[in-house]
**Q** 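Here you go, one structure.
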2 protein chains.
Amino acid sequence: MNSPQNNTKVYIGIVKQLRSMIEHDGLKPGDRLPSERELSERLGVGRSSVREALRALELLGLIETRRGEGTFMRDFRGHQLVQLLSTFILQDKKSIRDVKETKFLIELDCLWLIIQKAGEDRLLRFRKWTLEADYTDDDFFLEIVTLAENHLFLRIWIILKDYYNSLDLEKMMITKQQYAELIDTLISRKDSEVIRVYKELRNLSKD
Amino acid sequence: MNSPQNNTKVYIGIVKQLRSMIEHDGLKPGDRLPSERELSERLGVGRSSVREALRALELLGLIETRRGEGTFMRDFRGHQLVQLLSTFILQDKKSIRDVKETKFLIELDCLWLIIQKAGEDRLLRFRKWTLEADYTDDDFFLEIVTLAENHLFLRIWIILKDYYNSLDLEKMMITKQQYAELIDTLISRKDSEVIRVYKELRNLSKD
DNA sequence: CTCTCACAGTGGTCAGACCAGTTTATTTTT
DNA sequence: AAAAATAAACTGGTCTGACCACTGTGAGAG
């Protein structure tokens, strides 16, 4: 009890030090991290502890290791994370419905965000693009979620998409008319009551 | 090229075997897993590889280890995951805005879901409850997200809430009038065009 | 019966060894 | 001199054995 806090495990500390190291050196996806042996020496810990930290980060999809080459920053796309979330957290059948619902609502939110954030000209071009694009394709919604400029939504959506595709469900078919109608409705309601209140609330949370 | 696929790392295989072991034995949160040494022997791999797998699962918040006692299943609430997401993925300042935005939109989505899913009587009671409750409290929104009956949204929201609270930001203050107005607007628009299209699209994704 | 304490079991960590790949430098061959 | 083959120096992947710190338990002392 009296002892300070020897609780923190070494590998957790390594994860933190790696984080600050990445931040300090400004490492981008694709950049190489120091070797395991060098990290072990620089941080004054055993190599196995370094490996435990690296393996954990790898499973999270944050880094990538190639034997003989080294350890590299990864373009976070939650690869392993997908299967883990899908097998551990989303194991019950009921949650498949939640995935559908959540994925769709996020797409709707992103559509909303695009329309809110875009100016008149961008809005027109976007409207035109939606008419030409193939919205039954994953890439269409990927573009939608990307344009929303919310990295968090993007990450979550990608995970949901991968999980959704890993199931052998039929695609959610949407007619072009329906989707166009939805977009037009959202655009026309850009200044409706819901949006107005939403905007006011948003303004309160400016940084 | 011709070689089958010796790529799979040992610790990844251990993660998978652990998963099937958990599923097969029906291990629930709180249950104890075999010891590292026993797993090492049973799976015919080194203890260090077992540890790499366990550490990764621990960082994901799926298991919990207590020195001298053993390794236990955990009630997944993404504890470590929170800090990781917050420190790695959300490290740049810009993404703080994403967290705010995402959290708020999810709350909005859940509000939407509640109103859509509820019948007339439940809707009235819900409306009454929102007038009495303290909506600046986390518990209020927790109730909202819970009532939406979407476990995935609930999980994500909890993570965002924890992260949001870990930052030392001022709370997003919403006046009672604003929030009431928002709810009333959503309720009154229950059959508006957006909702109608949304419903049609949702119906297409029934199981 | 109760208390104490040694012991077995468990996770935490480290060091060293070896294997399997990749990269780089060196040597050999053309 | 240029190109090809070889060797050396790394890098990650894995295993083993050892030791520490901690927990639970059971045997023996009181």
Side-chain angles (χ1 to χ4, degrees), chain A residues 1-18 21-22 25 27 29-74 79-80, chain B residues 1-18 21-22 25 27 29-74 79-80:
Chain A
M1 294 295 181
N2 209 358
S3 62
Q5 69 286 16
N6 207 359
N7 267 340
T8 45
K9 307 178 183 181
V10 171
Y11 91 99
I12 292 287
I14 294 176
V15 168
K16 291 181 180 175
Q17 298 210 48
L18 277 174
M21 188 180 303
I22 290 171
D25 298 351
L27 295 185
D31 290 350
R32 197 175 145 229
L33 272 65
S35 72
E36 297 179 352
R37 289 173 177 83
E38 184 182 341
L39 283 174
S40 166
E41 192 176 357
R42 269 166 59 175
L43 303 180
V45 296
R47 192 183 153 210
S48 49
S49 294
V50 172
R51 280 188 62 80
E52 289 181 8
L54 289 179
R55 265 356 89 207
L57 294 182
E58 186 185 49
L59 195 66
L60 270 172
L62 299 176
I63 62 174
E64 178 185 7
T65 56
R66 294 196 285 271
R67 174 178 352 203
E69 299 183 53
T71 306
F72 301 86
M73 297 289 299
R74 189 169 169 172
H79 202 64
Q80 310 284 2
Chain B
M1 295 293 182
N2 209 357
S3 63
Q5 69 284 18
N6 205 1
N7 269 339
T8 45
K9 306 178 184 181
V10 171
Y11 91 99
I12 293 288
I14 296 176
V15 168
K16 291 181 179 175
Q17 298 210 49
L18 277 174
M21 188 181 302
I22 290 171
D25 298 352
L27 295 185
D31 290 349
R32 189 168 156 242
L33 272 65
S35 73
E36 297 179 353
R37 289 171 177 83
E38 184 181 343
L39 283 175
S40 167
E41 192 176 358
R42 269 166 60 175
L43 303 181
V45 295
R47 193 185 152 207
S48 51
S49 295
V50 172
R51 279 188 62 80
E52 289 181 8
L54 290 178
R55 261 2 85 208
L57 292 181
E58 185 185 50
L59 196 65
L60 270 172
L62 298 177
I63 62 174
E64 178 185 5
T65 57
R66 295 196 283 271
R67 167 158 29 184
E69 298 183 55
T71 306
F72 301 85
M73 296 289 299
R74 190 169 167 170
H79 203 64
Q80 309 284 1

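Residue numbering restarts at 1 for every chain, and letters A, B, ... go by the order of the sequence lines. Because the structure is a prediction, the values reported are computed rather than measured.
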**Q** Sugar-phosphate means primed atoms, P, OP1 and OP2; the rest is base. With that split, encode nucleotides 7-16 of chain C 5' to 3' as B, S or - using protein heavy atoms under 4.0 Å.
**A** --BBBBBB--
**Q** Is A:Glu38 atom CD crowded by more than 12 heavy atoms from other residues, nucleotides or ligands, each under 6.0 Å away?
**A** yes
**Q** Which of these passes side chain to side chain contact (heavy atoms under 4.5 Å, CB included) with B:Glu64: B:Arg74, B:Met73, B:Glu69, B:Glu58?
**A**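 Output: one option passes, namely B:Arg74.
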**Q** Considering only distance and modelled atom types, tabulate donor-acceptor pairs under 3.5 Å from the side chains of residues 43-53 of chain B, sequence neighbours left out.
**A**
{"residue": "B:Arg47", "atom": "NE", "partner": "B:Glu36", "partner atom": "OE1", "Å": "3.0"}
{"residue": "B:Arg47", "atom": "NH2", "partner": "B:Glu36", "partner atom": "OE1", "Å": "3.0"}
{"residue": "B:Arg51", "atom": "NE", "partner": "A:Glu52", "partner atom": "OE2", "Å": "2.7"}
{"residue": "B:Arg51", "atom": "NH1", "partner": "B:Glu36", "partner atom": "OE1", "Å": "3.3"}
{"residue": "B:Arg51", "atom": "NH1", "partner": "B:Glu36", "partner atom": "OE2", "Å": "2.8"}
{"residue": "B:Arg51", "atom": "NH2", "partner": "A:Glu52", "partner atom": "OE1", "Å": "3.4"}
{"residue": "B:Arg51", "atom": "NH2", "partner": "A:Glu52", "partner atom": "OE2", "Å": "3.3"}
{"residue": "B:Glu52", "atom": "OE1", "partner": "A:Arg51", "partner atom": "NH2", "Å": "3.4"}
{"residue": "B:Glu52", "atom": "OE2", "partner": "A:Arg51", "partner atom": "NE", "Å": "2.7"}
{"residue": "B:Glu52", "atom": "OE2", "partner": "A:Arg51", "partner atom": "NH2", "Å": "3.3"}

**Q** Check whether any side-chain heavy atom of B:Arg37 lies under 4.5 Å from a side-chain heavy atom of B:Pro34, and answer yes or no.
**A** no
**Q** Can you find a side-chain donor-acceptor pair between B:Thr8 and B:Lys16 that sits under 3.5 Å?
**A** no
